[in-house]
Amino acid sequence: MQSLNSTIQTFADPKSLTHAAVIRFVQIARDAIETRDRFTVALSGGSTPKALYALLATQPWQNQISWVQVYLFWGDERHVPPSDPSSNFRMVQEQLLFKVPIPLENIHRIKAEYPDANVAAIEYERELKHFFQLSDREFPRFDLVLLGMGANGHTASLFPGTAATHEQTRLVASPWVEEVNSDRITLTPPVINAAREVIFFVTGLEKAATLKAVLEGQYQPDRLPAQIIRPTQGNLTWMVDQAAANWLSTVVESISG
Ligand code: 6PG
């Protein structure tokens, strides 16, 4: 199940994937800054992005980006305060934010410490509308949205069987997710699909069957929310390692690491 503007890139292992990802990240950031004077990105939690942020904070990569022109957002957040070890914000803070010269006011985190996750979602939606100067029924156009995929087919915090996967109006949702026994706060499909570039990172054999079902199986978005991600006017790239690509029959690009 691929949209026309989508590419699958396979890498020998997570390390070579991360190396290619940092090159791509820097390139998209520089292009955005050159064209529009700023780079807006929605970050993801998860293991591969963590390695990417750590690498981005090192040289030569760090110096290749004009950090004052970078605006960071989060694709999703757990319903925990920013100090919690499971907070996506905290992970990015530790891997990247403490190490790069980004102005504090460029960091737009989700206020997941609020007791009511919906209040955090409403406030984040307001923040997005203000930052992107959106009128009603408009969606923000991120330069880049980074995503991971769970072995159950979820992406961001769009989990199988949740109403958030069908959201068409709101920018941010706060679904109750039974399988993690918690609320989450997440960008909605129309926001992710409005981005210029969307990149999925998927590694590991435990995700191989799901990846095959998402990319080559029947369209079943309730079971496999990752299938909903199909940028309407942007590019979709799947960066996957050999293990995750194990069962795919349609590898478009293979990049040795
Ligand atoms: C999160 C994510 C989530 C993640 C996937 C894959 O907050 O956990 O945003 O959607 O990307 O669960 O995570 P891994 O890459 O760690 O398997």
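Order of listing sets the numbers, starting from 1, for every ligand and every atom in it.
- Nearest protein neighbour of atom 17 (O) of ligand 1, counting heavy atoms only, is K207 NZ, 2.4 Å.
- Heavy-atom contacts of S44 reach the following atoms of ligand 1: 9 (O), 11 (O) (cutoff under 4.0 Å).
- Applying the 4.0 Å criterion to heavy atoms of N88 picks out, from ligand 1, the atoms 1 (C), 7 (O).
- Ligand 1 lies less than 4.0 angstrom from a heavy atom belonging to R78.
- For the residue pair S174/N118, the side-chain donor-acceptor check at 3.5 Å is satisfied.
- Under the 30°/60° scheme for interplanar angles, the aromatic rings of W238 and F200 are found to lie parallel.
- Using a 4.0 Å cut-off to heavy atoms of G148, the atoms of ligand 1 that qualify are 11 (O).
- The shortest N/O to N/O separation between T155 and ligand 1 does not fall below 3.5 Å.
- Under 3.5 Å, the side chains of E216 and S249 contain a donor-acceptor pair of N or O atoms.
- Atoms of ligand 1 lying under 4.0 Å from any heavy atom of G46, numbered from 1 in the order shown and given with element: 13 (O), 14 (P), 15 (O), 16 (O).
- A side-chain donor from one of T237 and R24 sits under 3.5 Å from a side-chain acceptor of the other.
- Closest to atom 16 (O) of ligand 1 among all protein heavy atoms lies S47 N, 2.9 Å.
- What sits closest to atom 12 (O) of ligand 1 on the protein, heavy atoms only, is H154 NE2, 2.9 Å.
- Comparing D76, V180, V202, N152 by heavy-atom distance to atom 2 (C) of ligand 1, the nearest is D76.
- Near A156, the atoms of ligand 1 lying under 4.0 angstrom from a non-hydrogen atom of the residue are 3 (C), 10 (O).
- In the model, N152 has a side-chain atom that pairs as donor or acceptor with a side-chain atom of E179 under 3.5 Å.
- Linking ILVMFWY residues whenever their side-chain heavy atoms come closer than 4.5 Å, directly or via other members, leaves I228 and V177 in distinct clusters.
- Neither the backbone nor the side chain of L147 comes within contact range of ligand 1; no heavy atom lies under 4.0 Å.
- In summary, the side chains of Q59 and W61 do not present any donor paired with an acceptor at a separation below 3.5 Å, with no hydrogens or angles considered.
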With ring pair (Phe, Tyr, Trp, His ring centres under 6.0 Å) as the test, would you mind laying out the steps for F132 and F73 before giving the verdict?
CA-CA 12 Å; F132 286 95; F73 295 82; 5.8 Å; yes

